[in-house]
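Working notes, beginning with the structure itself.
Sequence positions, counted from 1, serve as the residue numbers for this chain.
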Amino acid sequence: REQALHTMGDALEVKPLLQPRRVAELAPEAQVFKAYKSTFKHQENSRIVSLAYCPTSPYRLAVVSGTKVGLWQKLAGKDEHEESSTLTKFKDLTTCVNFRSDGRLMLAGEAGGSCAVIETDSKNVLRRLRGHGDAVTCASFATADRSKVATGSKDGKLRIWDVATADLLQTVDAHGDSMKVLTAGPGGPDSWITAGYDGKVRVWDVRVAPRESQTEKASPVASIDHGHPIEAGTTFPGGTLFVSAGGPAVKVWDMALAGRPVQELPDAHSKVVMDVCLDTNASVLLTASFDGLAKVYHAADLQHIWTYRLPGPATSIAWRPDDKGFTVGLDDGSWHYRSKKVSAESKKAAEAEDKPKRKWKYREGHLRGDEYQPDDDDEVIDMPGRKRKREPKLDYFFRKFEYKKVAEYMFVSADANLGSSITEELLERGYLSESMTELGEELCLRGLRWFLRAFAVGDSLQRARFEEALHSLIEGNRCLRPPCTPELIDVMRKLEEKVAQEMRVQDALIETSGMIEALLNS
């Protein structure tokens, strides 16, 4: 009995409970991301399907939810956001959104099988890309050729489109299940990276893929097995590295080396990873998962930095291009903007430093500007209304893809230098030949007279552009094969004389070049 009492009286060592680490004990990177707090949130009526930031200032946020796309803008000097506009020109649920690199156009796909090309500033729908077999699940602009876009749909097919004409250029049977990721590849405007629910990441070069009329099945340049149905993906700058996310895993692939694995996180989350994104410098990778967590990793080695606990399952995540914060969309229809909280004293000090010191005449005098509000004792002599700056006709024609009107404007109103710039822009867009075809007799006559005036004017580069445009004009118009009216015949003869005169000058220059070469070699 004494032995039992002695045993019961032995003291047991009680270990202290684990305490959270102090901020001072965290790594510098962890301290930085710990400071990102939820500073603004908004509740939508439906789940957040996709988020995307416009790459140019003021960095509007596109929120895809239900049958609309909301454009939100951060207020200057504040963390609050305001909805600048709401795009509701859709007949079905919206599924995806993507901005062009210059921020002027955006793509919005819908479950009904169409994709809208929208002008960001005016919010007008310029084109509708129709003909998908099922819901459009992803869309992207080409990096080098801004006139081409690609869309992916639930039927697993990749479709290439011409933005100017809304024509379907090519269809590729890319995946056996729904396509979820579509981005530009490392091989130029004809290279695309796709991924889908079949667990495959594939690289396509549409120059070697068969057309719709061919029965041969398309073969990808490279094909990689992620191991899980892929929900999201993103590319590093340059397109050579690709991040795929599906199931609980996140993997990095080198697409330039036929999809060689670079890094892998097999258990990045406990549930499905729904979205991934990179910061502006591609140094940090953010992941959002259905387990209600958002995590931050080093992009180079996928080392964990920080974890955010969210109010619910996450469906999408997007990093703000100016590195001031990021936005997370949730399954319950809410989205949260996280940024560093700045104290009131620091905010006032920053505003005071940024505010320029203005002279009295600009601050209180006669040059204080039309935005200045008059005081009670001021006598307002004249307050003219602001005149809206009109857009030049040429810029309007290029923005609306009216290339034949661009050619007409060049022949009627442009001088040689402006004509050279117009020709260069048409060449870069690949529509020089199209703009010079089927112009009609009157416009052809004006064009030939314009080329007659601008012939042999400018440097060698300008002459090369003129020769290309003149060749397209003569080759692409039936009224010049052969010319029927006396005016057209007269202008063509004058052009022939100009060409003959230029050839005589070139022959003389060749003889002079031979003489100089003989003198130098003697």
Side-chain angles (χ1 to χ4, degrees), residues 18-42 51-55 57-61 72-81 232 234-237 241 243 245 250 252 262-265 267-270 273-289 291-312 314-330 334-354:
L18 294 176
Q19 299 294 326
R21 290 186 297 173
R22 297 178 180 178
V23 177
E25 298 175 357
L26 298 175
E29 297 88 351
Q31 294 182 22
V32 170
F33 285 97
K34 180 181 173 62
Y36 281 84
K37 305 295 183 181
S38 180
T39 56
F40 181 81
K41 63 180 180 179
H42 181 76
L51 297 170
Y53 273 103
C54 180
S57 181
Y59 310 113
R60 298 183 182 95
L61 172 66
W72 292 77
Q73 186 172 333
K74 184 176 178 292
L75 298 178
K78 300 180 181 179
D79 292 323
E80 288 78 11
H81 290 61
T234 185
T235 55
F236 282 73
L241 295 179
V243 182
V250 175
V252 182
V262 179
Q263 297 289 342
E264 180 180 357
L265 279 176
D267 297 313
H269 288 266
S270 60
V273 182
M274 298 297 292
D275 201 2
V276 293
C277 69
L278 292 165
D279 67 340
T280 307
N281 299 321
S283 60
V284 171
L285 177 69
L286 278 76
T287 63
S289 171
D291 59 4
L293 299 177
K295 295 185 179 182
V296 186
Y297 297 92
H298 281 292
D301 52 8
L302 295 186
Q303 292 295 320
H304 179 260
I305 300 176
W306 193 252
T307 299
Y308 301 98
R309 188 170 296 277
L310 306 174
T315 57
S316 56
I317 191 168
W319 184 269
R320 187 176 165 90
D322 59 357
D323 294 329
K324 291 185 178 180
F326 61 93
T327 304
V328 183
L330 304 183
S334 65
W335 56 271
H336 299 248
Y337 174 70
R338 286 182 171 267
S339 63
K340 293 182 180 179
K341 283 191 174 181
V342 183
S343 62
E345 293 78 7
S346 301
K347 188 180 293 185
K348 289 182 179 179
E351 291 177 356
E353 291 179 1
D354 295 339

Closest heavy-atom pair and its distance - Gln263, Leu302:
CB-CD1, 3.5 Å
Would you check if Lys74 and Tyr337 make a side-chain contact, meaning some heavy-atom pair closer than 4.5 Å?
yes
Pair Ser283-Asn281, side chain to side chain donor-acceptor pair (under 3.5 Å): steps then yes or no:
CA-CA 5 Å; Ser283 60; Asn281 299 321; 5.0 Å; no
Is there a donor-acceptor pair under 3.5 Å between the side chain of Thr315 and the backbone N or O of Gly329?
yes
Less than 4.5 Å apart, side chain to side chain, heavy atoms only: is that true for Val32 and Lys340?
yes
Between Thr234 and Cys277, is there a side-chain heavy-atom distance shorter than 4.5 Å?
no
Any side-chain to backbone donor/acceptor pair from Lys295 onto His269? Under 3.5 Å, distance only.
no
Tyr53 versus Ala318, closest heavy-atom pair with distance
CE1-O, 3.7 Å
Quick one: pull up CD1 in Ile317 and CZ in Phe326 and give me the separation to the nearest 0.5 Å.
5.5 Å
Aromatic rings Trp335 and His42: how do their planes relate, parallel, tilted or perpendicular, breaks at 30° and 60°?
tilted
Would you say the side chain of Trp319 lies within less than 4.5 Å of the side chain of Thr280, judging by non-hydrogen atoms?
yes
Can you list the residues that meet the ring-ring contact (aromatic ring centres under 6.0 Å, His included) rule with Phe33, with sequence neighbours excluded?
Tyr36
A side-chain contact here means heavy atoms from C-beta on lying under 4.5 Å apart; do Val250 and Leu285 qualify?
yes
Report yes if some heavy atom in the side chain of Arg338 is under 4.5 Å from a heavy atom in the side chain of Thr327; otherwise report no.
no
Pro311 and Leu330: which non-hydrogen atoms are nearest, and at how many Å?
CD-CD1, 3.9 Å
Let me confirm one number: the CH2-CG distance from Trp72 to Leu51, rounded to the nearest 0.5 Å.
12.0 Å
What pair of heavy atoms forms the shortest contact from Leu293 to Asp291, and how long is it?
N-OD1, 3.1 Å
Heavy-atom pair of closest approach, residues Pro55 and Pro321
CA-CG, 4.2 Å
Would you say that His336 contacts Leu310 through its side chain, given a criterion of any heavy-atom pair below 4.5 Å between the two side chains?
no
Is Asp275 reaching over with its side chain to a backbone N or O of Ala288, donor-acceptor style, under 3.5 angstrom?
no
Value for CH2 (Trp306) from CD (Gln31), rounded to nearest 0.5 Å, stands at 9.5 Å
Minimal non-hydrogen separation, Ala232 against Val276, with atom names
CB-N, 4.0 Å
